[in-house]
Amino acid sequence: MSDAASEKNTALMEKIVSLCKRRGFIFQSAEIYGGLNGCWDYGPLGTELKRNLKEYWWRKNVQEREDILGLDGSILTHQDVLKASGHVGGFSDPMCDCLLSKARLRADQIEPLSGTAYHYTGASHDESGWSVDRPYSVLIWGNQDENKARKTAKQYYAQFLTDKQIAPKKLELAGETNEELTETTKYNPENGSLLTEPREFNLMFKTHMGASADDGDESAVAYLRPETAQSIFVQFKNVAETNRVKLPFGIAQIGKSFRNEINPRNYTFRSREFEQMEIEFFCRAEDGLALTDEWLERRLTFYEEIGIPREHLHILDIPDGERAHYSQKTYDIEYEFPFGIQELEGVAYRGAYDLSKHKEHSGKPLDFFDDETKEKLVPHVVEPSAGCDRTILALICEAYDEETVTDEKGKEETRTVMRFAPRMAPVKVGVFPLLKNKPELVEKARDVQSLLTPHMNVFYDETAAIGRRYRRQDEIGTPFCVTIDFDTIGESGDELKDTVTLRHRDSMEQERISIADLRSFLLDRIA
RNA sequence: GCGGGUAUAGCUUAGUGGUAAAGCCCUAGCCUUCCAAGCUAGUUAUGUGGGUUCGAUUCCCACUACCCGCUCCA
């Protein structure tokens with residue numbers, strides 16, 4: 001991305017964020033207390049949008065399918081579940097930072113070195129009277145010159161200089177001592193600079209169960225789940241035994257997950273608390289790869305149905321060596337966000353890894369008896385795992401549009417429109433009396449509102465000029481507006497009586513429709 | 001986590017070491033017959049905590065949050 005394009009996209013993202021706040025889609029969490037890093041709240045419209053997404057996903061993937069069942073697992077998770085899955089232990093690699101280059105290194109992958117460590121207590125610059133007092137050391141090894149240690153140390157201390165004009169080599173080092181070290185991993189093999197102490201980077205939120213549990217009680221440790229998938233695997237046997245299922249079949253779940261991201265970024269894209277929509281689709285080993293491709297197609301169709309065209313999606317076929325070791329096939333479905341192409345969903349063929357691990361750790365049989373082949377097996381699994389909040393953000397970015405409209409006087413102005421697919425739109429229809437000081441119009445508009453309210457989210461508005469009301473609805477993505485005028489109440493004769501103006505968001509075109517046809521007309525278009 | 005930047009009303013922006021301004025939005029009223037009309041009135045702000053000062057929104061420090069670039073992303 002060029003700098004100019006990058007700046008344009010940053011500006012676009014700022015406008016989207018601003019609209020989301022102004023119109024009540026998304027707010028910063030705990031804003032009045034300064035905000036909570038990586039956490040966001042959905043306002044009234046954002047909540048409607050998210051409900052529409054989750055309900056559509058649930059309907060398509062659970063209710064309209066005989067072979068997928070729902071689950072709603074607890075968020076607090078038994079520590080043994082996450083030990084079995086590898087989330088505890090496996091993903092908490094201690095990391096060190098290089099004090100000179102700021103590079104981050106995995107502590108267990110640092111090459112041990114033997115050599116001479118040169119220690120310093122600080123540095124100074126006599127001419128300017130500047131000095132700094134902090135310990136540092138450099139390792140030299142092999143046939144390296146000891147002056148290399150001094151040069152490196154001066155570069156390190158130079159970063160604290162207030163006057164950047166002073167060259168590092170003009171500094172005087174203080175308190176030089178040296179010692180021989182063997183097999184040390186405290187120094188960066190790249191440049192010999194001292195590293196920070198290793199620090200843990202486990203991204204799970206840890207807590208203690210029970211009111212009296214103290215921090216030292218290891219048996220009371222529980223975690224907020226880092227993914228919804230694990231409760232599906234852990235409950236696999238219960239679901240399978242209580243529901244007369246046969247392979248292949250799936251278990252689906254929508255719910256919150258938590259990761260203590262080091263660096264939340266890009267608005268709601270990488271949050272510490274987020275919602276997932278996941279399916280674990282269990283199958284026979286021989287069907288796994290084909291089902292993975294099938295699910296990819298099905299998921300792409302889903303995104304089209306909610307208004308994200310395929311040409312804005314990218315499919316990443318994760319190559320060998322970059323997939324998790326147990327996965328024979330993984331696709332990432334990515335979307336072109338203004339801040340870059342980023343993942344919305346992963347479709348992964350995970351083999352029998354998860355159930356096998358839980359079988360092994362729990363000691364409980366998690367085999368499935370296949371009635372067709374009369375054999376016991378641990379099913380394989382295909383996992384389409386979508387980020388709900390990420391999809392919401394994609395819907396918002398995709399919908400955002402500005403167009404220039406010219407009024408009758410030739411004046412140009414910008415119309416901001418959220419072009420949500422009608423089935424996702426938070427508000428389906430706006431109902432307006434043309435004028436609010438004519439009781440007949442208001443009464444008729446209220447009748448139309450009552451007619452539609454049981455079937456969809458309706459917004460009634462009688463304030464300001466009719467054009468303003470249309471534009472307000474454009475900005476929140478309401479696909480249709482209905483205006484009750486004097487024709488509706490029969491002032492132009494019986495032919496137009498009980499008809500209303502129906503105005504389309506995208507084209508701004510208007511058509512006349514009878515109130516009797518209104519409900520089915522709208523329902524057909526928002527299903 | 002590192003480096004850089006930013007923080008004034010719901011939004012977009014002014015401005016000042018001594019009473020914080022405007023536009024848009026919003027609310028109420030009047031008016032108004034289809035694309036952000038007009039008039040009147042009204043609500044709302046210097047992110048948090050320290051310091052310097054008689055006095056700080058302004059200067060300094062710290063913190064928090066957001067943005068950008070790295071880094072990370074099971």
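The sequence lines fix the lettering, A, B, ..., with proteins before strands; numbering per chain opens at 1.
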**Q** Under 4.0 Å between a side-chain N/O of Arg471(A) and OP1 or OP2 of C24(B), yes or no?
**A** no
**Q** Applying a 4.0 Å non-hydrogen cut-off, can you work out what Glu491(A) is touching in the nucleic acid: base, sugar-phosphate, or nothing?
**A** base
**Q** Write down the distance separating the P atoms in U43(B) and G10(B), rounded off to the nearest Å.
**A** 14 Å
**Q** Report the distance from atom CZ of Arg259(A) to atom C1' of C72(B), rounded to the nearest whole Å.
**A** 13 Å
**Q** Find the partner of A21(B): check Watson-Crick (N1-N3 plus N6-O4 or O6-N4) and G-U wobble (N1-O2, O6-N3) distances, both under 3.5 Å, and reply none if neither fits.
**A** U13(B)
**Q** If you take all heavy atoms of Glu278(A) and Ser385(A), which pair is closest and at what distance?
**A** OE2-OG, 2.6 Å
**Q** Check whether the side chain of Arg503(A) and the base of C34(B) form a donor-acceptor pair under 3.5 Å.
**A** no
**Q** Compute both the distance and the angle, then confirm whether Arg503(A) meets the cation-pi test with Tyr470(A): under 6.0 Å from the six-membered ring centre, within 45 degrees of the axis.
**A** yes
**Q** So, does the side chain of Tyr267(A) form a donor-acceptor pair with the base of C66(B) at under 3.5 Å?
**A** no
**Q** Between the side-chain atoms of Asp485(A) and the base atoms of C34(B), is any donor-acceptor pair under 3.5 Å?
**A** yes
**Q** Counting only heavy atoms not in Glu402(A) (residues, nucleotides, ligands), do more than 12 fall under 6.0 Å from its CD?
**A** yes
**Q** Just to verify, which of Asn9(A), Asn266(A), Leu344(A) counts as forming a side-chain contact (heavy atoms from CB on, under 4.5 Å) with Phe337(A)?
**A** Leu344(A)
**Q** Quick one: which of U32(B), C35(B), C70(B) gets closest to the side chain of Lys436(A)?
**A** U32(B)
**Q** Rounding to the closest angstrom, what is the interatomic distance between U58(B) and G1(B) at atom P?
**A** 27 Å
**Q** What's the gap between U52(B) and A56(B) when it is taken at their P atoms, as a whole Å value?
**A** 11 Å
**Q** For Arg415(A) and C35(B), give me the distance from atom CZ to atom P, rounded to whole Å.
**A** 13 Å
**Q** It should be established whether Asn37(A) places a side-chain nitrogen or oxygen under 4.0 Å from OP1 or OP2 of nucleotide C66(B).
**A** yes
**Q** When the P atoms of C61(B) and U6(B) are compared, how many Å lie between them, rounded to an integer?
**A** 13 Å
**Q** Give one of base, sugar-phosphate or nothing for Gly38(A), where a contact means two heavy atoms less than 4.0 Å apart.
**A** sugar-phosphate
**Q** Gly35(A) or Arg390(A): which one's nearest nucleotide on RNA chain B is closer to the 5' end?
**A** Gly35(A)
**Q** 5'-most contact on RNA chain B: Ala465(A) or Arg512(A), nearest heavy atom basis?
**A** Arg512(A)
**Q** Atom CZ of Phe269(A) and atom C1' of C68(B): how far apart are they, to the nearest Å?
**A** 17 Å
**Q** Taking atom C1' in both G5(B) and A9(B), compute the distance separating them and give it to the nearest angstrom.
**A** 24 Å
**Q** Which of these nucleotides, C34(B), A36(B), A74(B), is closest to any side-chain atom of Arg468(A)?
**A** A36(B)
**Q** State plainly whether the residues Lys497(A) and Glu491(A) are in salt-bridge range, i.e. N to O under 4.0 Å.
**A** no
**Q** Parallel, tilted or perpendicular: which describes the rings of Phe420(A) and Phe25(A), with under 30° parallel and over 60° perpendicular?
**A** tilted
**Q** Of the options G69(B), C73(B), A74(B), whose atoms approach the side-chain atoms of Arg265(A) most closely?
**A** G69(B)
**Q** Rounded to the Å, how far apart are Asn437(A) CG and C30(B) C1'?
**A** 9 Å
**Q** From the list U33(B), C34(B), A74(B), which nucleotide is the closest neighbour of the side chain of Met204(A)?
**A** A74(B)
**Q** Mind checking Arg472(A) for me? I need base, sugar-phosphate or nothing, with any heavy atom below 4.0 Å counting as a touch.
**A** sugar-phosphate
**Q** Which value, in whole Å, describes the distance between the C1' atoms of nucleotides G42(B) and G69(B)?
**A** 46 Å
**Q** When you measure from the side-chain N and O atoms of Lys438(A) to the phosphate of U33(B), is any distance below 4.0 Å, counting only OP1 and OP2?
**A** no
**Q** With a 4.0 Å cut-off on heavy atoms, is Met13(A) in touch with a base, just the backbone sugar-phosphate, or nothing at all?
**A** nothing
**Q** Given the ring of Phe274(A), does Arg272(A) sit roughly above its face, with NZ or CZ under 6.0 Å from the centre of the six-membered ring and within 45° of the axis?
**A** no
**Q** Between A74(B) and G4(B), how far apart are the P atoms? Round to whole Å, please.
**A** 29 Å
**Q** Of the options Tyr187(A), Tyr156(A), Tyr120(A), which is the one that meets Tyr136(A) in a ring pair (Phe, Tyr, Trp, His ring centres under 6.0 Å)?
**A** Tyr156(A)
**Q** Starting from C1' on A74(B), measure out to NZ on Lys206(A) and report it in whole angstrom.
**A** 17 Å
**Q** What integer distance in Å separates Ile318(A):CD1 from C73(B):P?
**A** 14 Å
**Q** May I have the distance from Glu322(A) (atom CD) to A74(B) (atom P), rounded to whole angstrom?
**A** 11 Å
**Q** With sugar-phosphate meaning primed atoms plus P, OP1 and OP2, does Ile466(A) contact a base, only sugar-phosphate, or nothing at under 4.0 Å between heavy atoms?
**A** sugar-phosphate
**Q** Using a 4.0 Å heavy-atom cut-off, does Ser18(A) contact any base of the nucleic acid, only the sugar-phosphate backbone, or nothing at all?
**A** sugar-phosphate
**Q** A74(B) C1' sits how many Å from Arg323(A) CZ, rounded?
**A** 16 Å
**Q** Please pick, from G69(B), A74(B), C73(B), the nucleotide with the shortest atom-to-atom distance to any side-chain atom of Pro226(A).
**A** A74(B)
**Q** Phosphate oxygens OP1/OP2 of G10(B): is one of them under 4.0 Å from a side-chain N or O of Arg23(A)?
**A** no
**Q** Provide the distance between the two P atoms, one in A7(B) and one in C59(B), to the nearest whole Å.
**A** 10 Å
**Q** G49(B) pairs with which nucleotide, Watson-Crick or G-U wobble, both distances below 3.5 Å?
**A** C61(B)
**Q** Within the modelled atom types, does a donor on one side and an acceptor on the other bring the side chain of Thr10(A) and the base of C67(B) under 3.5 Å apart?
**A** no
**Q** Can you tell me the pairing partner of U27(B) across any strand shown, Watson-Crick or G-U wobble, with both distances under 3.5 angstrom?
**A** A41(B)
**Q** For C2(B), what is the paired nucleotide under Watson-Crick or G-U wobble rules, both distances under 3.5 Å?
**A** G69(B)
**Q** Regarding Glu227(A), tell me which of base, sugar-phosphate or nothing describes its non-hydrogen contacts under 4.0 Å with the strands shown.
**A** nothing
**Q** More than 12 foreign heavy atoms under 6.0 Å from CZ of Arg519(A): is that the case here?
**A** no
